[in-house]
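In what follows, every chain begins at residue 1, and chains take the letters A, B, ... in the order their sequences are listed. It should be emphasised that the depicted structure is a prediction, and the values quoted were computed from it without experimental measurement.
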2 protein chains.
Amino acid sequence: MEEDIILEYSTKSQYAVPYYEIPFERFFQFGFSVDCVVFGYHDSRLKVLLIRRGAKPYEGSWALPGDLVYPNEDIELAAKRILQDLTGVSNLYMEQTKVYGNVNRHPAGRVITAGYYALVDIEKHDPHAAGWAEGVYWVDINDIPRPLAFDHDNIFDEALAILQHSIRHKPVGFELLPEKFTLGELQKLYEALLNQEFDKANFRKKILAMNLLTELKEVQKQVKHRPAKLYSFDLNRYKELNSKGFSFEL
Amino acid sequence: MEEDIILEYSTKSQYAVPYYEIPFERFFQFGFSVDCVVFGYHDSRLKVLLIRRGAKPYEGSWALPGDLVYPNEDIELAAKRILQDLTGVSNLYMEQTKVYGNVNRHPAGRVITAGYYALVDIEKHDPHAAGWAEGVYWVDINDIPRPLAFDHDNIFDEALAILQHSIRHKPVGFELLPEKFTLGELQKLYEALLNQEFDKANFRKKILAMNLLTELKEVQKQVKHRPAKLYSFDLNRYKELNSKGFSFEL
DNA sequence: TTTTTTTTGGTACAAAATACAATAAGTAAA
DNA sequence: TTTACTTATTGTATTTTGTACCAAAAAAAA
């Protein structure tokens, strides 16, 4: 092992004490929660699940669904539990966004929260699944009733930005669509999420060139024009290509 | 506001209770810490700051520098405090990576930790600044003495992956270099971080085409060949371009 | 059969990425 | 002073990729 430069122990900081020398009760006073930004897509519109709070603090306010983590619960599992209660689906695509830990972000005490974003095919999950408070609603992301409770405006904004970044660099868009979809539907999804138009012919070429879609033997039904072919996303092919250095781009 | 689909309140989950109805002492038992992955670059090598723990748990083990967050301390500030104690520099480039919250990740209790990565110009900071435990060392990232304490192997690996991603999409590489640098030095930095070679002429063209570097009137000194021009990174120009839709790409 | 709409395949051009050759500017040794 | 050597810098030719746009094909409905 190489050890080029040694920083000597010479701190004057009041904090430079090993953990174990400080009495536990002084530090183990944090609450920890998880807040979920659940995105869904329907009818060319990106939506997010919001709840209406039925209890203090912020009674009556709109908020992101979230909950305190139990002392014996992994935070990843807490996020899954919340999503399951909310949507009835247990294996959603889900990813951490950021941690929010300002001292005064929660009026009831020191609560640090981890943001998660999740992607749902709105058609697929059970709409009668569950919820907190007075109800759970799909809200168009352009019509969010601000301000949301706590620092949820901030948590939402950053989650959306992260989603918009992810969608260009990882094949996560498919999580928002049904199993079988047309290239036109995929394009509309991208246009809705990125607020940007694409050339139809070129979008199709780019996507197909990646070789991640399986062309099905089926076509659209009940449309009053030439029906489009249906495709499905091949996750295994993606994993294989990805391990060989391929990277998904827009 | 649009409210397409309403999820009715019908949960059977034992957890679906508003925060304020649950006794505080049951939930406010978490400790929260910050662990820093401090990257430095020297002599074409990427290094990371590790400490050697002088106390239990994991006494004698190598670990990432980190500390518990104080109940009245913002986590962002806690990270800054640790970096300041460690390097003597107060305004390092710093960014959150992820949160780690497995139930058993810390033997002393339920401690959730936020990972941060920071970038340092090794030449610039004061090597006698501070430290915990038995000492602080710059370690080549290819020679990390595994396993590190706690889940620090994991935290480090993910921080490195995030750095490798950031360096391609954001102009953070300059944080690892001195104020004034040559294009050759910049290229070597990229090659070291990404484990990949670049064509010298094309790398230069790509970087210069972005228009983010200021060509200085100075050249390299004390080299035994034709000295290269020195450049500096123009942060303001980047901000300006960025606000106009420009995005940095490798 | 015709109209309408959307899919699908193709082409022509511009821009960017890449490979590689040539020249310039310095040091160091003969 | 010359020559060899090393690295910086410029230039050019080629390939690849991105973009704009056109038109045929397919299906449904009138």
Side-chain angles (χ1 to χ4, degrees), chain A residues 43-44 167-169 171 173 177-178 180-192 194-233 241 244-250, chain B residues 43-44 167-169 171 173 177-178 180-192 194-233 241 244-250:
Chain A
D43 207 18
S44 299
I167 198 122
R168 295 179 142 274
H169 302 284
L177 289 175
K180 302 169 180 180
F181 52 86
T182 70
L183 292 178
E185 286 163 356
L186 185 64
Q187 184 179 343
K188 282 203 170 147
L189 170 73
Y190 270 86
E191 291 179 337
L194 296 173
N195 257 331
Q196 181 189 340
E197 302 225 320
F198 295 91
D199 178 277
K200 204 188 291 190
N202 296 333
F203 181 86
R204 144 192 307 277
K205 256 181 286 180
K206 208 163 181 176
I207 291 284
L208 290 178
M210 293 193 214
N211 220 24
L212 294 173
L213 299 188
T214 308
E215 184 178 327
L216 303 174
K217 301 269 176 269
E218 285 174 76
V219 294
Q220 252 180 334
K221 296 230 162 67
Q222 291 164 338
V223 285
K224 50 182 167 212
H225 52 76
R226 172 178 175 181
K229 282 186 207 146
L230 290 172
Y231 292 83
S232 68
F233 173 62
L241 289 172
K244 287 178 187 161
F246 163 82
S247 83
F248 184 95
E249 287 295 323
L250 166 55
Chain B
D43 207 19
S44 298
I167 198 124
R168 295 180 142 272
H169 302 284
L177 289 175
K180 303 169 182 182
F181 51 86
T182 71
L183 292 177
E185 285 163 358
L186 185 64
Q187 182 179 345
K188 282 202 169 151
L189 170 72
Y190 270 87
E191 292 178 337
L194 296 173
N195 255 332
Q196 180 189 341
E197 302 225 319
F198 294 92
D199 179 277
K200 204 188 293 190
N202 298 332
F203 180 86
R204 145 192 306 274
K205 259 181 281 182
K206 206 164 183 176
I207 291 284
L208 289 178
M210 293 194 217
N211 220 24
L212 294 173
L213 299 188
T214 307
E215 184 178 326
L216 303 173
K217 302 268 176 270
E218 287 174 75
V219 294
Q220 255 180 330
K221 296 229 162 67
Q222 292 165 338
V223 283
K224 49 183 167 208
H225 55 259
R226 173 179 175 183
K229 283 186 209 143
L230 290 172
Y231 293 83
S232 69
F233 172 62
L241 289 172
K244 288 178 187 161
F246 164 82
S247 83
F248 184 95
E249 287 295 323
L250 163 29

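- A distance of 4.5 Å separates CG in L183(B) from OH in Y231(B), rounded to the nearest 0.5 Å.
- One distance of note links CG of L241(B) with CG of N211(B); it measures 6.5 Å at 0.5 Å rounding.
- Comparing the helix axis at one end of the helix from dT1(C)-dA30(D) to dA30(C)-dT1(D) with that at the other, each defined from 5 consecutive pairs, gives an inter-axis angle of 10° (nearest 10°).
- Counting non-hydrogen atoms under 4.0 angstrom, A209(B) reaches nothing in the nucleic acid.
- Applying the 4.0 Å criterion to OP1 and OP2 of dT8(C), one finds that R204(A) has a side-chain N or O inside that range.
- Protein atom CD of E249(A) is 17 Å distant from nucleotide atom P of dA16(C), rounded to whole Å.
- Atoms NZ (K224(A)) and C1' (dA26(D)) sit 18 Å apart, rounded to a whole Å.
- Summarising the local packing, CD of E197(A) is surrounded by 12 or fewer heavy atoms from other residues, nucleotides or ligands at distances under 6.0 Å.
- Partners of F198(B) by ring pair (Phe, Tyr, Trp, His ring centres under 6.0 Å), not counting sequence neighbours, listed by chain and number: F203(B).
- Side-chain atoms of R226(B) lie closest to dA8(D) of the nucleotides dA8(D), dC20(C), dT6(C).
- As rounded to whole Å, 12 Å separates atom P of dA17(C) from atom CD1 of I207(B).
- For the pair Q220(A) CD and dT8(C) C1', the computed distance is 14 Å after rounding to whole Å.
- Between A228(B) and N202(B), it is A228(B) whose nearest contact on DNA chain D lies nearer the 5' terminus.
- In this structure, of dA17(C), dA28(C), dT9(D), it is dT9(D) that holds the atom nearest to the side chain of K229(B).
- Within the nucleic acid shown, V223(B) comes within 4.0 Å of sugar-phosphate atoms alone, with no base atom in reach, counting heavy atoms only.
- What separates CZ of F181(A) from C1' of dT7(C) is a distance of 16 Å, to the nearest Å.
- Residues M210(A) and F246(A) meet the side-chain proximity criterion, which asks for heavy atoms closer than 4.5 Å.
- Between the side chain of K221(B) and the base of dT27(C), no donor-acceptor pair of N or O atoms lies under 3.5 Å.
- Checked against dA29(D), dT9(D), dT8(C), the side chain of K200(A) finds its nearest nucleotide in dT8(C).
- For D199(B), whose side chain is taken as the heavy atoms from C-beta onward, the closest listed nucleotide among dA19(C), dA20(D), dT10(D) is dA19(C).
- Once rounded to the nearest 0.5 Å, the distance linking OH of Y190(B) with CG of L250(B) reads 7.0 Å.
- Along DNA chain D, the nucleotide nearest to H225(B) and the one nearest to H225(A) differ in position, and the one closer to the 5' end is contacted by H225(B).
- Mapping P227(B) and G184(A) onto DNA chain C via the closest heavy atom, the residue that lands nearer the 5' end is G184(A).
- One finds a salt bridge joining E218(B) and K180(B) here, because a Lys/Arg side-chain nitrogen approaches an Asp/Glu carboxylate oxygen to under 4.0 Å.
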